[in-house]
Amino acid sequence: MTGDKLALVFFVDALGWEIARELDCFRDVAPYSYRQRTVLGYSCAAQPTILTGLMPDEHGHWGMFYRTEHSELSELRCLRFLPKSVSSHRRFRRPLLNYHRKHTGFTGYYNFYRIPFHLFGEFDLIEKRDIYAPGAFASGAKSIFDNLADGGVPYRVWTWKNELDESFDELEAAISGDHNMRFALHYTPYIDAFLHGHVGDDQAVAGAVALIEKKITRVVELARKARGDVDVIIFSDHGMAETTDEHDVIGTVAGLGLRQGSDYHVFYDSTMARFWFESPRARETIIDALGELGCGTTLSDEDLKREGVFFDDRRFGEVVFLMDPTKLIVPSYMGGRAPRGMHGFSPEHKDSYAMIAASFEIDPEPTHIRDSFRVMMQVAGLQAAAGTLEKHSGSADSDGMTSDGNRETSA
Ligand SMILES: [Zn+2]
């Protein structure tokens, strides 16, 4: 590959290694495929890792929400008195989210899901700025978009903000009409949304993946006609596991005789419960109760450090309880019912692995989603600043997390 060619990058959210391999995806346009370990957490941790080549404790994004005394969401607390039938309804939450985006100017991806409104006084969003644009990270981490901008590489990008069909149409139009464009990144959440509802239905999944494969193949064929040789990369951020069990972790913790808000604080993701404690007694009582649940693991600081998700200021939790693979916290702040599929379990679980495929042999072989950054830099003809990719090089291939973890969604 060279930096002069057009590089086409397709980011297919949640198209994991297992499903991609089973369906033998993209063999015509990107025949070299590799399994990649994901990060512990959800898309809001994995995507920044792909875009920066850094682990969450380096780029600073792990959970979608972190605990702080200075939340910019605190005005939402005024909605805490609404009846639950109103405040938890989609027809209320969706317009509220749209209004909030306009009102605040936040351009990142976020959702209020079913988070109780009174908690917005102590939890804030980590992704306030669009991570698919330069200057997104408060940590100062440089993403592929900072590098493209700094390097003067003309690029275009389509993200979750764009509709599926229009985004592919626009990409095709750019290939034909914008001969300056050297790098195009097309992200789609289509497969993620589909798998949350249909994973395990092999026929339906094959149909959905074929739809995306057909669109990508069409774009690549058009690009080869219009622009000659092009570099193609297709990757994902994580896989999707079929849900088997649900556990009422909220009910268990609420029944311990402790008071949320004064004895402890908690954020319930779909596969992780993150706790902060006001007393040793609260800490001990809750950790003991979580241990007796038999559906997950309380992660040690060593586990968090090994996964690149340990933060000194504990903004994402003092104690993280991670559900075993395929088991969900239901209800959680993400939703009231268990979706058919979820991610955010242990990166070691087979259905957690992501994939990357390319039109060329990738050397050195990619093994972790952060390697997608390196491959994007290569096809853009850019050099990463020295040292930015070295940290955590020992953690890419796994070792020892016994439980499972994940995050996000798509409620
Ligand atoms: Zn998802």
Show me the donor-acceptor pairs, under 3.5 Å and distance only, between side chains in residues 205-216 and residues at least two apart or in other chains.
from, atom 1, to, atom 2, distance (Å)
Glu213, OE2, Phe26, N, 2.6
Lys215, NZ, Asp165, OD1, 2.7

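- Every residue meeting the ring-ring contact (aromatic ring centres under 6.0 Å, His included) condition with Tyr155, not counting sequence neighbours, appears here in chain and number order: Phe145.
- For Lys84, the side-chain contact (heavy atoms from CB on, under 4.5 Å) partners at least two apart in sequence or on another chain are Ser87, Ser88.
- Checking side-chain atoms of Ser167 against main-chain N and O of Leu164 turns up a donor-acceptor pair under 3.5 Å.
- Residues that satisfy the ring-ring contact (aromatic ring centres under 6.0 Å, His included) test with Phe311, not counting sequence neighbours, are Phe316.
- At least one donor-acceptor pair under 3.5 Å links the side chain of Asp371 to the backbone N or O of His368.
- Judged by distance alone, with hydrogens and angles left aside, the side-chain atoms of Asp146 form a donor-acceptor pair with the main-chain N or O of Gly135 at under 3.5 Å.
- A 4.5 Å side-chain heavy-atom check between Ile356 and Ile234 finds every atom pair outside the cut-off.
- Contacts of Glu166 classified as side-chain contact (heavy atoms from CB on, under 4.5 Å), with partners at least two apart in sequence or in another chain: Glu163, Glu170.
- More than 12 non-hydrogen atoms from other residues, nucleotides or ligands lie less than 6.0 angstrom from NZ of Lys327.
- Scored by the ring-ring contact (aromatic ring centres under 6.0 Å, His included) test, Phe10 finds no partners at all (sequence neighbours excluded).
- Here the straight-line distance linking atom NE2 of His118 with atom OG of Ser74 works out to 14.0 Å at 0.5 Å rounding.
- The closest donor-acceptor contact from the side chain of Arg93 to the backbone of Tyr113 lies under 3.5 Å.
- Between Ser43 atom OG and Asp237 atom CG the span is 4.0 Å, to the nearest 0.5 Å.
- Rounded to the nearest 0.5 angstrom, His238 NE2 and Thr49 OG1 are separated by 11.5 Å.
- Of the possible polar contacts, none joining the Asp201 side chain to the His198 backbone as a donor-acceptor pair under 3.5 Å is found.
- Asp169 meets the side-chain contact (heavy atoms from CB on, under 4.5 Å) test with no other residue; sequence neighbours excluded.
- Applying the ring-ring contact (aromatic ring centres under 6.0 Å, His included) definition to pairs two or more places apart or across chains, none involves residues 288-309.
- The two residues Val375 and Ile362 make their nearest non-hydrogen contact at CG2-CG2, 3.8 Å.
- Smallest separation of non-hydrogen atoms from Gly341 and Val199: CA-CG1, 3.5 Å.
- In this structure, Ser372 OG and Met355 CE are separated by 9.5 Å, a value rounded to the nearest 0.5 Å.
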Hey, can you pull the donor-acceptor pairs under 3.5 Å for the side chains in residues 278-289, sequence neighbours left out?
from, atom 1, to, atom 2, distance (Å)
Glu278, OE2, His265, NE2, 2.8
Ser279, OG, Ala282, N, 3.1
Thr285, OG1, Arg281, O, 2.7

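- Closest of all the heavy-atom pairs between Leu51 and Phe373 is O-CD1, 3.2 Å.
- In this structure a side-chain-to-backbone donor-acceptor pair under 3.5 Å is missing from His247 to Ile329.
- Heavy-atom contacts from other residues, nucleotides or ligands closer than 6.0 Å to CZ of Arg340 number more than 12.
- With respect to Arg35 and Glu18, no salt bridge is recorded, no charged nitrogen being found less than 4.0 Å from a carboxylate O.
- Side-chain atoms of Ser71 never come within 3.5 Å of backbone atoms of Arg67 as a donor-acceptor pair (strictly under, hydrogens ignored).
- Here Arg337 does not pair with Glu246 in a salt bridge; the nearest charged N to carboxylate O distance is not below 4.0 Å.
- Taking all atoms of both residues into account, the shortest heavy-atom contact from Ala380 to Arg182 is O-NH2, 3.2 Å.
- Ring pair Tyr264/Phe277: centre-to-centre distance not below 6.0 Å.
- Partners of Asp130 under the side-chain contact (heavy atoms from CB on, under 4.5 Å) rule, at least two apart in sequence or in another chain, are Thr107, Tyr132, Ala133, Lys161.
- In this structure, Arg274 is not positioned above the aromatic face of Phe65 in the sense of NZ or CZ being under 6.0 Å from the six-membered ring centre and within 45° of the axis.
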For side-chain contact (heavy atoms from CB on, under 4.5 Å), just list the numbers for Glu348 and Tyr353, CA-CA rounded to whole Å, side-chain angles, deciding distance to a tenth of an Å, and then say yes or no.
CA-CA 8 Å; Glu348 287 303 295; Tyr353 280 85; 3.6 Å; yes

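- To the nearest 0.5 angstrom, Ser236 atom OG is 8.0 Å from Asp13 atom CG.
- Thr297 places no side-chain N or O within 3.5 Å of a backbone atom of Leu299 that could act as its donor or acceptor partner.
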Would you check, one step at a time, whether the test side-chain contact (heavy atoms from CB on, under 4.5 Å) holds for Asp245 with Leu328?
CA-CA 6 Å; Asp245 295 86; Leu328 292 185; over 6 Å; no

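- Looking at Ser33, its side chain never comes within 3.5 Å of a backbone N or O of Ala357 through a donor-acceptor pair.
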Steps toward side-chain hydrogen bond (donor to acceptor under 3.5 Å, both in side chains) verdict (Gln383, Asn147):
CA-CA 9 Å; Gln383 300 277 322; Asn147 282 279; over 6 Å; no

For the pair Phe321 and Met272, evaluate side-chain contact (heavy atoms from CB on, under 4.5 Å) and give the outcome as yes or no after the intermediate values.
CA-CA 5 Å; Phe321 180 71; Met272 288 192 287; over 6 Å; no

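- Under the 30°/60° scheme for interplanar angles, the aromatic rings of Phe123 and Phe267 are found to stand perpendicular.
- Side-chain contact between Phe112 and Leu96: present, with at least one pair of heavy atoms (C-beta onward) separated by less than 4.5 Å.
- Under the 30°/60° scheme for interplanar angles, the aromatic rings of Phe120 and Phe117 are found to be tilted.
- Ring orientation note: the planes of Tyr187 and Phe11 are nearly perpendicular, at an angle over 60° on the 30°/60° scale.
- Looking only at side-chain heavy atoms (C-beta outward), His186 and Thr188 come within less than 4.5 Å of each other.
- Sequence neighbours left out, the pairs with a member in residues 312-321 that pass side chain to side chain donor-acceptor pair (under 3.5 Å) are Asp301-Arg314, Asp313-Arg315.
- Contacts of Phe106 classified as ring-ring contact (aromatic ring centres under 6.0 Å, His included), with partners at least two apart in sequence or in another chain: His100.
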Should Val309 and Val320 be marked as a side-chain contact (heavy atoms from CB on, under 4.5 Å) after you check the CA-CA gap, both sets of side-chain angles, and the distance that decides it?
CA-CA 11 Å; Val309 296; Val320 177; over 6 Å; no

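- The 12-atom threshold is not exceeded at CZ of Arg259, counting heavy atoms of other residues, nucleotides or ligands nearer than 6.0 Å.
- Ring geometry for Tyr109 against Trp160 counts as perpendicular: the plane angle is over 60°, on a 0 to 90° scale with 30° as the lower cut.
- Gln378 CD to Ile233 CD1: the interatomic distance, rounded to the nearest 0.5 Å, is 8.5 Å.
- Remark: Arg101 CZ is packed, more than 12 non-hydrogen atoms of other residues, nucleotides or ligands lying under 6.0 Å away.
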